[in-house]
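Presented below is the structure to which this report refers.
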Amino acid sequence: DAGVTQSPTHLIKTRGQHVTLRCSPISGHKSVSWYQQVLGQGPQFIFQYYEKEERGRGNFPDRFSARQFPNYSSELNVNALLLGDSALYLCASSLANTTRALLSGELFFGEGSRLTVL
Amino acid sequence: GENVEQHPSTLSVQEGDSAVIKCTYSDSASNYFPWYKQELGKGPQLIIDIRSNVGEKKDQRIAVTLNKTAKHFSLHITETQPEDSAVYFCAATSYNNNDMRFGAGTRLTVKP
């Protein structure tokens, strides 16, 4: 079975540009989360989506947005890129299947999209 | 909100020795504590997790202990091998929380 897949794997942008990152969860997983991992630090929560609705948002500016599609894949969008947005962006899916247990266990991470902003 | 602290930031051991990584958390409502291993260029991969209704869990050479009173949990790796070299992250969350908080990571190096 395919794991969580993310694209692109690497990309370089300049300040002020916009970027779209894509994620396909494991088949059967309805919950997708996005994390930002700056070099040398642990992943930091950006968003969670479940059944196409935003269920949680971390402490990130409005330049960050996301959505989930009917097939449960997801996109993360970042506008007006800053140098500090350079990071590994991780997508994770999970088997959360109720609104009460949005994180019922293991997060399965993709290999990430490494964004460099020049 | 939850705050997770992890120590040490780097750890170097000789092959065959044991390695211990410790984490503390702040939110007493947290009840799920996973450990992730991240190899260079890859996403984090779950290696073991523990829920708040148990104090210890073991899987071959890896074990995790949890002290809810003191709000700390630890990862123990015995008989370390060079392939154990990676960055290890602890994390904490609760079942009705969609935000998993990670520690800053421990870079483990196992010298042959």
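By convention in this document, chain letters (A, B, ...) are assigned in the order of the sequence lines, proteins followed by strands, and residues within each chain are numbered from 1. Hydrogens, waters and symmetry mates play no part in the numbers below; they use all other heavy atoms, side chains included.
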Quick one: does A/Tyr50's side chain get under 4.5 Å of A/Lys30's, heavy atoms only? yes
Where does the angle between the aromatic ring planes of A/His29 and A/Phe108 fall among parallel (under 30°), tilted (30 to 60°) and perpendicular (over 60°)? tilted
Relative to the ring of B/Tyr25, is the ring of B/Phe33 parallel (under 30°), tilted (30 to 60°) or perpendicular (over 60°)? tilted
Toward chain A, the part of B/Gln6 with a non-hydrogen atom under 4.5 Å: neither
Do B/Ile47 and B/Leu75 touch side chain to side chain, with heavy atoms closer than 4.5 Å? yes
Quick check on the interface: out of B/Cys90, B/Gly105, B/Ala104, B/Pro44, who has the most heavy-atom pairs with chain A under 4.5 Å? B/Pro44
Identify the residues of residues 85-92 of chain A whose heavy atoms come closer than 4.5 Å to a heavy atom of chain B, ordered by number, or report 'none'. A/Leu88, A/Leu90
If you define the side chain from C-beta out and look only at heavy atoms, does anything of A/His18 sit under 4.5 Å from A/Asn77? yes
With sequence neighbours left out, the residues meeting side-chain contact (heavy atoms from CB on, under 4.5 Å) with A/Glu54 are A/Phe47, A/Tyr49, A/Arg57
Assess whether a salt bridge exists between B/Arg61 and B/Asp84, defined as any Lys/Arg side-chain N lying under 4.0 Å from an Asp/Glu carboxylate O. yes
Can you tell me which portion of A/Gln6 sits under 4.5 Å from chain B's heavy atoms? Options are side chain, backbone, both or neither. neither
Assert top hit (heavy-atom pairs under 4.5 Å, partner chain B, pool A/Gln44, A/Gln37, A/Gln41) equals A/Gln37
Which portion of B/Pro34 sits near chain A, non-hydrogen atoms under 4.5 angstrom: neither
Out of curiosity, B/Ile50 CD1 to B/Leu66 CG, how far, rounded to the nearest 0.5 Å? 5.0 Å
